[in-house]
Amino acid sequence: MAQTKFDKQVEESADSLARGIARVLAGRDLDGVKRTDATFWRAGTRVLPKVEGKVRRRSYKPGWRRLSFRIALGASIWETGYLATQDMDATAQTAQELWDNRETALAALEPGGIGAASVLTVGTAAYMVLTRERRELMREWVVPLHEALYRPLGLAEQTDPRHYLHIPKNFSDDDAEIRIDLPTHLGFSRDVVADLIKQKLALEGVTFDWHPEGRKPYVRVKKTRKPPAKALFSDSKMRELVAKAPESAPVIGIGAGGRVVSVDLDAESPHILVNASTGGGKSVTLRCIACQMLHHGSLVYVLDTKRISHPWAHGIDGVTYCRDIADIHDQLIELGQIGRLRTRIADELGIDADPKAIGPRILILLEEINATMKQLARYWEKIRESGDPKVSPAIDALNEILYMGRQLRMHVLLVAQSATARALGGPEVREQFSTRILARYSVNAWRMLAPEVHPAPKSTKHRGRVQVVIGGYAHETQVLFFTETEAREWATTGKKAADGPKPAALPAQAGPVHLQKPPTSDAQPPAPADWLADAGSTTPTTAAPAPAPAPVADRDFVADAWGLKPPPAGPGDATPAAMSLAAPAPADDDQAVGLREAHERLLPDITIAALRYARANDPTFPKPVDKRGAELLYRAGDLKKWARNRPRAASGTTDLD
């Protein structure tokens with residue numbers, strides 16, 4: 001018997017009704033579209049592929065909760081309808097009475113309406129205030145993270161981020177924990193996901209704990225322990241760490257999780273740049289590194305236009321302290337010559353020689369590079385003569401040391417408030433500092449000095465807290481703090497430069513220079529003071545003068561070093577004084593004078609009593625060169641240099657006039 005159209009409609013309606021009842025009992029959407037991965041017993045976390053349109057929050061709920069809600073809703077509707085039919089007559093009568101007495105009823109309802117409106121207004125305002133932080137968290141962090149993660153994780157864009165991104169409001173705190181639910185297919189790159197999480201949430205120093213097993217895979221993100229609030233050298237544990245540190249890797253401070261942060265000057269970075277605003281601890285950082293280097297027998301040159309940055313280093317054996325811009329200029333030139341001399345020695349020794357054979361390690365502390373570079377340029381403009389190069393030879397010497405410092409055991413610790421390429425002499429100069437220490441930095445300073453680390457960690461005003469950038473990674477570090485007394489005590493104990501291997505020397509001769517082989521056990525090597533004199537230091541300050549001058553390089557090497565033209569001389573005229581690459585000293589500087597004569601002719605601003613007190617108490621006061629009866633005589637040039645570089649308050653200006 002043929003089925004009629006009416007019968008088909010009945011069957012379709014019955015089928016639709018049965019399907020609808022089944023969907024209601026199963027807790028599914030009534031239109032039959034499965035939008036999320038929710039089941040009857042488990043809540044959903046993501047939207048299924050190819051689902052279009054907005055997905056409401058109820059689609060994420062498990063089926064049993066939706067069924068319970070529907071049953072409760074149906075029961076309440078049935079009960080309401082039943083009671084409504086029973087009380088219809090009473091309701092109609094009550095309504096008629098209210099209408100007849102409508103003015104009285106309105107007067108009675110008015111206070112209740114005002115109260116209800118007030119409660120609604122206060123409740124809405126309280127809700128807005130209490131949920132403000134949560135809404136800001138969603139807008140600023142959760143939603144942007146979802147927009148970055150849904151493609152790498154293989155999720156639908158309509159997925160509600162609140163169902164798989166569990167980010168607390170205090171997620172940047174040390175003890176905060178972030179959990180992200182992962183899709184079960186695990187078809188994503190962990191490195192990509194981890195990198196996106198760190199970038200979008202601006203996290204630094206976090207660990208990822210992956211849990212791919214089971215039907216609910218997830219990853220937990222936790223911060224590692226921050227550096228300690230203080231790192232004091234007086235602590236016995238810190239002192240032990242410093243004592244165990246290698247000579248080439250002084251301890252900078254303590255990082256996250258109690259990890260020691262240091263830089264190997266031989267293997268990682270020969271030079272270090274310290275960039276911080278005023279009060280950021282630049283001098284404290286340099287003091288920490290320099291006193292450890294002195295403890296291991298290094299030579300330290302402090303070039304300080306501020307004059308008072310490192311009072312702890314004044315008068316220590318192995319420290320040359322230059323405060324006057326003229327002496328900083330000459331010292332940089334002499335250090336450049338030492339670098340060239342070491343290059344020739346290393347070339348003659350060969351690749352299998354001990355690196356220490358070229359001489360003790362040299363550390364150059366260059367304070368306030370922004371002001372110093374300007375003063376060096378202006379000083380050279382003031383003293384240069386016709387035919388001299390336009391660029392200051394001191395700046396050229398510094399650049400050459402930066403380019404070849406690793407093999408020559410010469411290291412520069414440069415301090416700047418703003419280490420721009422212009423201040424340092426060009427972007428190629430700044431690239432020589434593969435280790436950079438930043439404190440109290442601005443966003444622009446971070447982008448300029450550490451663009452490879454993104455996003456920039458938040459700057460802090462915590463005293464001694466810095467970011468040490470090594471190899472493209474930033475390490476939050478608490479700088480090891482030495483008091484000035486502790487720094488001086490540590491620097492004056494341990495090994496001296498004179499105790500280490502003696503450097504090879506160059507023979508004095510008129511023809512081409514041939515480097516001398518290292519001295520054998522039968523030969524007496526030159527003392528460190530002699531070696532410094534050979535390298536061009538007119539006033540060795542690291543040790544007492546040797547009784548006999550050591551061999552020095554020929555004048556041809558000196559004359560060609562920076563393109564300057566000293567007067568011609570014979571083969572036997574090579575002396576330590578001739579090695580200076582600065583302008584020839586006036587004849588008066590070589591005269592031997594007594595203290596009274598020096599006060600009257602050379603140093604009228606310094607009293608005789610002050611000169612005598614300095615002679616007895618200042619370890620940097622020049623040594624006498626002769627005697628006139630019972631009176632000690634001093635070289636006039638040495639007294640002038642001591643007067644220029646004696647400790648006193650900073651002038652507060654960069655004016656050379």
Side-chain angles (χ1 to χ4, degrees), residues 270-278 280 282-283 285-286 290 300-310 320-339 362-384 388-405 410-439 441-442 444-445 448-449 561-564 581-583 644-645 650-657:
H271 312 298
I272 300 175
L273 170 63
V274 181
N275 187 94
S277 60
T278 302
K282 301 184 292 291
S283 297
T285 304
L286 265 65
V300 175
Y301 292 82
V302 183
L303 311 182
D304 179 20
T305 56
K306 289 172 59 177
R307 310 188 67 90
I308 53 175
S309 298
H310 301 281
T320 301
Y321 209 125
C322 296
R323 298 175 175 88
D324 188 79
I325 194 62
D327 295 307
I328 293 175
H329 176 274
D330 295 345
Q331 190 64 70
L332 281 173
I333 294 176
E334 294 173 0
L335 287 169
Q337 182 181 349
I338 293 175
I362 293 178
L363 191 66
I364 304 170
L365 270 61
L366 190 53
E367 280 277 359
E368 299 300 344
I369 190 64
N370 300 86
T372 303
M373 294 293 276
K374 293 179 181 178
Q375 293 189 56
L376 286 173
R378 294 168 61 189
Y379 175 76
W380 179 242
E381 283 292 327
K382 188 176 180 180
I383 67 170
R384 67 184 289 265
D388 289 339
K390 291 185 177 181
V391 179
S392 168
I395 297 177
D396 279 344
L398 175 61
N399 292 342
E400 191 161 345
I401 293 170
L402 291 174
Y403 291 136
M404 61 183 181
M410 301 178 70
H411 312 285
V412 177
L413 267 67
L414 188 143
V415 178
Q417 290 193 12
S418 180
T420 62
R422 181 179 179 183
L424 299 183
E428 66 280 359
V429 176
R430 192 168 61 193
E431 290 303 314
Q432 301 306 312
F433 297 93
S434 55
T435 296
R436 302 167 184 184
I437 302 176
L438 294 90
Y441 46 84
S442 64
N444 290 334
M448 176 178 62
L449 296 176
W562 303 107
L564 303 180
L581 298 181
R644 288 194 301 267
N645 290 282
S651 61
T653 178
T654 59
D655 190 358
L656 294 174
D657 299 329

Student: Does a side-chain heavy-atom distance below 4.5 Å link Tyr403 with Val429?
Tutor: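 The answer is yes; the side chains approach within 4.5 Å.
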Student: Can you list the residues that meet the side-chain hydrogen bond (donor to acceptor under 3.5 Å, both in side chains) rule with Ser418, with sequence neighbours excluded?
Tutor: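 side-chain hydrogen bond (donor to acceptor under 3.5 Å, both in side chains) list for Ser418, sorted by chain: empty.
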Student: Within the 4.5 Å heavy-atom criterion, are Leu332 and Tyr301 side-chain neighbours or not?
Tutor: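 A side-chain contact is absent here, since even the closest heavy-atom pair is not under 4.5 Å.
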Student: Among all residues two or more places apart in sequence or in another chain, which pass the side-chain contact (heavy atoms from CB on, under 4.5 Å) test with Ala276?
Tutor: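 Partners of Ala276 by the side-chain contact (heavy atoms from CB on, under 4.5 Å) criterion, ordered by chain and then number, come out as Lys282, Ala439.
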Student: Checking side chain to side chain contact (heavy atoms under 4.5 Å, CB included) between Leu286 and each of Leu366, Asp304, Val415, Leu363, which is the one that passes?
Tutor: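 Option passing the side chain to side chain contact (heavy atoms under 4.5 Å, CB included) with Leu286: Val415.
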Student: Taking side chain as C-beta onward, heavy atoms only, is Arg323 less than 4.5 Å from Arg644?
Tutor: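 Side chain of Arg323 against side chain of Arg644, heavy atoms only: no contact under 4.5 Å found.
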Student: Output all residues satisfying side-chain hydrogen bond (donor to acceptor under 3.5 Å, both in side chains) with Ser434, sequence neighbours left out; order by chain, then residue number.
Tutor: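 Applying side-chain hydrogen bond (donor to acceptor under 3.5 Å, both in side chains) to Ser434 gives Ser269.
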Student: Flag the pair Thr305 / Ile325 as yes when at least one side-chain heavy-atom distance between them is below 4.5 Å, and no otherwise.
Tutor: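 Answer yes - side chains close enough.
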Student: For Lys306, is there an ion pair with Glu367 - N to carboxylate O distance below 4.0 angstrom?
Tutor: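 So Glu367 does not pair with Lys306 through a salt bridge.
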Student: Show the nearest heavy-atom pair for residues Leu303 and Gln331, with the distance to one decimal.
Tutor: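 Heavy-atom minimum between the residues: CD2-CG, 4.1 Å.
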Student: Using atom types as modelled and distance alone, determine if a side-chain donor or acceptor of His329 lies under 3.5 Å from a backbone N or O of Leu376.
Tutor: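 No, His329 side chain to Leu376 backbone: no donor-acceptor pair under 3.5 Å.
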Student: With the side chain counted from C-beta on, respond yes when Asp388 and Trp380 share a heavy-atom pair under 4.5 Å apart, and no when they do not.
Tutor: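 Asp388 reaches Trp380 side chain to side chain.
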Student: Would you name the heavy atoms of Met410 and Leu335 that are closest together and state the gap between them?
Tutor: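 Reported closest heavy-atom pair: CE-O, 3.4 Å.
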